[in-house]
Amino acid sequence: MKPSTDINQVKPTSLKHLIGQRQIIQQIEVALDAAQQDGRKFDHALLVGPPGLGKSAMCQVIAQEMATGFHEVLGQSLNSPAELNGLLLAAKDRDMIFIDETHEMRKDAQTALYLALDKQRVFIKTGTGSPQSIPIADFSLLLATTDEFCLLQPLRDRMRLLLRLDFLADHELIQIVGQRSNALGWEIEAEVLIEIAQRSRGTPRLALRLLQSCHRVSRSLGEDQITVNHLRRACELEQLDELGLGPSDQQYMRVLANGPARLNVIASALGLPTRTVSNVIEPFLIRADLIAKDHQSIRQLTAKGREHLSKNSPESV
């Protein structure tokens, strides 16, 4: 059989295929067993964690394990009561409604959602001015968010399962990349798996994206096996260093090479909004102990960060 060319053509279909997040998977296994023993729907669940950890894939697997319908939508697409009502009315008993990026939902839509859960019906305005009440099915609601505190407390309280996903260890990322390579029929050197994991910041999505880049390089050369040389070329093209830092991350660190600085100064030097710098660039740099913030929120390089910067761009320090 001819190997696939797209990383997304193969995805996990059962809990047995999921790697990492062991505590979360155990919670899901218990909830699945209880629902199936009692012949009822899966409990409403809130999945929380940084982007790229597999929240969407986990929700799809839950639906497949329950052998039920799956309705997926992005929170920011529910811009009106009609759109939310249409989503809720389309579900059947025991179906699963998955709202990704739930924190992007408007507050009034979140309110309407938890009221619909409470009353198991939606209210639609009619021409006479009095709302019409329409019953909805007994579905399961799965919410995924990177910021749970942007959700209204009453909505969070109605979620019976709270699943907090965390970054993965390198050995788990190696397993994920190896599993996906095998499923796609891609030959890959063992060393490539290790180096991809080291550059992926504990994030499966980044690991799989880099695997796709390596495959793209190998096929551009007409070669079938993914080698370390293909990985190095892919990283060169994407300007990734051995820790997976991209151009903006590297530029951030070069700014701090001139001395400690405040967020607004760094953001100005990068030409980016302060929120983007603090929410997108800084979290990994802090987690990797490359930068630190003092009690006045002044950023500075750590010893590890200075060593990394010196090794990758000696002229900067």
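If you take CE on Met96 and CD on Gln60, they are separated by 12.0 Å, rounding to the nearest 0.5 Å. For the atom pair OH (Tyr114) and CG (Leu155), the distance works out to 8.5 Å, reported to the nearest 0.5 Å. Interatomic distance, CG of Leu237 versus OG of Ser220, reported as 8.5 Å (0.5 Å rounding). Here the straight-line distance linking atom CG of Asn229 with atom CD of Glu236 works out to 11.0 Å at 0.5 Å rounding. If you take CG on Leu173 and CG on Leu193, they are separated by 11.0 Å, rounding to the nearest 0.5 Å. Taken to the nearest 0.5 Å, the CG atom of Leu243 stands 8.5 Å off from the CE atom of Met253.
No side-chain donor-acceptor contact under 3.5 Å links Arg199 to the backbone of Ala197. Judged by distance alone, the side chain of Gln250 and the main-chain N or O of Leu245 form a donor-acceptor pair under 3.5 Å. In this structure, the side chain of Asp249 engages the main chain of Gly246 through a donor-acceptor pair within 3.5 Å. With hydrogens and angles ignored, the 3.5 Å screen pairs a side-chain donor or acceptor of Arg201 with a backbone N or O of Gly244. Side-chain atoms of Thr68 come within 3.5 Å of backbone atoms of Arg94 as a donor-acceptor pair (strictly under, hydrogens ignored). Side chain of Gln36 to backbone of Glu65: a donor-acceptor contact under 3.5 angstrom is found. Proximity of a side-chain donor or acceptor of Lys55 to a complementary backbone N or O of Gly49 within less than 3.5 Å is detected. Checked by atom type and distance alone, the side chain of Ser80 pairs as donor or acceptor with a backbone atom of Glu83 at under 3.5 Å. No side-chain donor-acceptor contact under 3.5 Å links Arg180 to the backbone of Leu184. At least one donor-acceptor pair closer than 3.5 Å links the side chain of Glu189 to the backbone N or O of Val228.
Within the 4.5 Å cutoff, side-chain heavy atoms of Ile99 are placed close to those of Leu78. Residues Arg299 and Tyr252 are in side-chain contact: their nearest non-hydrogen atoms beyond the backbone lie under 4.5 Å apart. The shortest distance between side-chain heavy atoms of Leu15 and Leu32 falls below 4.5 Å. When side chains are defined from C-beta on, Phe284 does not count as touching Ile291, because their heavy atoms never get closer than 4.5 Å. Between Pro81 and Phe123, the closest side-chain pair of non-hydrogen atoms is not below 4.5 Å. Using a 4.5 Å heavy-atom cutoff, the side chains of Leu163 and Ile28 are in contact. Using a 4.5 Å heavy-atom threshold, the side chains of Leu53 and Asp166 count as separate. Within the 4.5 Å cutoff, the side chain of Pro204 has heavy atoms near those of the Leu168 side chain.
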Quiz item: Yes or no on side-chain contact (heavy atoms from CB on, under 4.5 Å) for Leu143 and Glu148, after CA distance, side-chain angles and deciding distance?
Solution: CA-CA 10 Å; Leu143 306 179; Glu148 62 185 295; over 6 Å; no
Quiz prompt | CA sep, side-chain torsions, deciding dist, call: Ser140, Asp95, side-chain contact (heavy atoms from CB on, under 4.5 Å) | solution = CA-CA 6 Å; Ser140 299; Asp95 274 5; over 6 Å; no
Practice problem: Would you check, one step at a time, whether the test salt bridge (Lys or Arg N to Asp or Glu O under 4.0 Å) holds for Lys16 with Glu29? | Solution: CA-CA 10 Å; Lys16 294 184 297 183; Glu29 286 174 339; over 6 Å; no
Practice problem: Dump the intermediate steps for side-chain contact (heavy atoms from CB on, under 4.5 Å) on Lys11 and Asn8, then the final yes or no. | Solution: CA-CA 6 Å; Lys11 292 185 178 181; Asn8 292 319; 4.1 Å; yes
Quiz prompt | Worked check of side-chain contact (heavy atoms from CB on, under 4.5 Å) between Arg232 and Glu195 | solution = CA-CA 9 Å; Arg232 302 279 164 76; Glu195 294 206 24; 2.5 Å; yes
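Leu88 and Leu151 fall within a single hydrophobic cluster, where Ile, Leu, Val, Met, Phe, Trp and Tyr are joined by side-chain heavy atoms under 4.5 Å apart, directly or via other members. When hydrophobic clusters are built by joining Ile, Leu, Val, Met, Phe, Trp and Tyr residues whose side-chain heavy atoms come closer than 4.5 Å, directly or via intermediates, Leu87 is grouped together with Ile134. Under the 4.5 Å side-chain contact rule for hydrophobic residues, Leu165 and Leu142 share a cluster. Val280 and Ile286 are not part of a single hydrophobic cluster, where members link through side-chain heavy atoms under 4.5 Å apart. Cluster annotation: Leu256 and Leu309 are assigned to the same hydrophobic cluster (Ile/Leu/Val/Met/Phe/Trp/Tyr, side-chain heavy-atom contacts under 4.5 Å, transitive).
Heavy-atom neighbours of Glu191 CD from other residues, nucleotides or ligands within 6.0 Å: at or below the threshold of 12. The environment of Arg209 atom CZ is sparse: at most 12 non-hydrogen atoms of other residues, nucleotides or ligands sit within 6.0 angstrom. Within 6.0 Å of CD in Gln153 there are more than 12 heavy atoms belonging to other residues, nucleotides or ligands. Annotation for Lys92: atom NZ does not count as buried by contact number, only 12 or fewer foreign heavy atoms lying within 6.0 Å. Annotation: Arg160, atom CZ; neighbour count of heavy atoms from other residues, nucleotides and ligands within 6.0 Å does not exceed 12. Atom CZ of Arg275 sits in a sparse spot, with 12 or fewer heavy atoms from other residues, nucleotides or ligands closer than 6.0 Å.
Because its NZ or CZ atom is both nearer than 6.0 Å to the ring centre of Phe167 and within 45° of the ring axis, Arg287 counts as a cation-pi partner of that residue.
For the residue pair Pro12 and Gln64, the shortest heavy atom distance occurs at O-NE2, 4.3 Å. Closest approach of Thr203 to Pro51, counting heavy atoms only: CG2-O, 3.7 Å. For Leu89 against Pro135, the heavy-atom pair with the smallest separation is CD2-O, 3.9 Å. Gln110 and Leu152 get closest at one heavy-atom pair: OE1-N, 2.7 Å. Residues Ala109 and Leu84 come closest through the heavy atom pair O-CD2, 3.5 Å. Residues Arg106 and Asn79 approach most closely at NH1-O, 3.0 Å, considering heavy atoms.
Screening Thr302, Asp241, Asp289 for a side-chain hydrogen bond (donor to acceptor under 3.5 Å, both in side chains) involving His308 leaves a single residue, Asp241.
Glu101 and Gln76 share a donor-acceptor pair across their side chains, judged by distance under 3.5 Å alone. For the residue pair His230 and Thr227, a side-chain donor N or O sits within less than 3.5 Å of a side-chain acceptor on the partner. Residues Thr145 and His103 bring a donor and an acceptor atom of their side chains to less than 3.5 Å of each other. Remark: the Thr274 side chain and the Asn264 side chain contain no N/O donor-acceptor pair separated by less than 3.5 Å. If you check the side chains of Glu238 and Ser213, you find a donor sitting under 3.5 Å from an acceptor.
Using a 4.0 Å cut-off between charged nitrogen and carboxylate oxygen, Arg219 and Asp224 count as a salt-bridge pair. Salt-bridge annotation for Glu307 and Lys304: absent, with no side-chain N of the basic residue lying under 4.0 Å from a carboxylate O of the acidic one.
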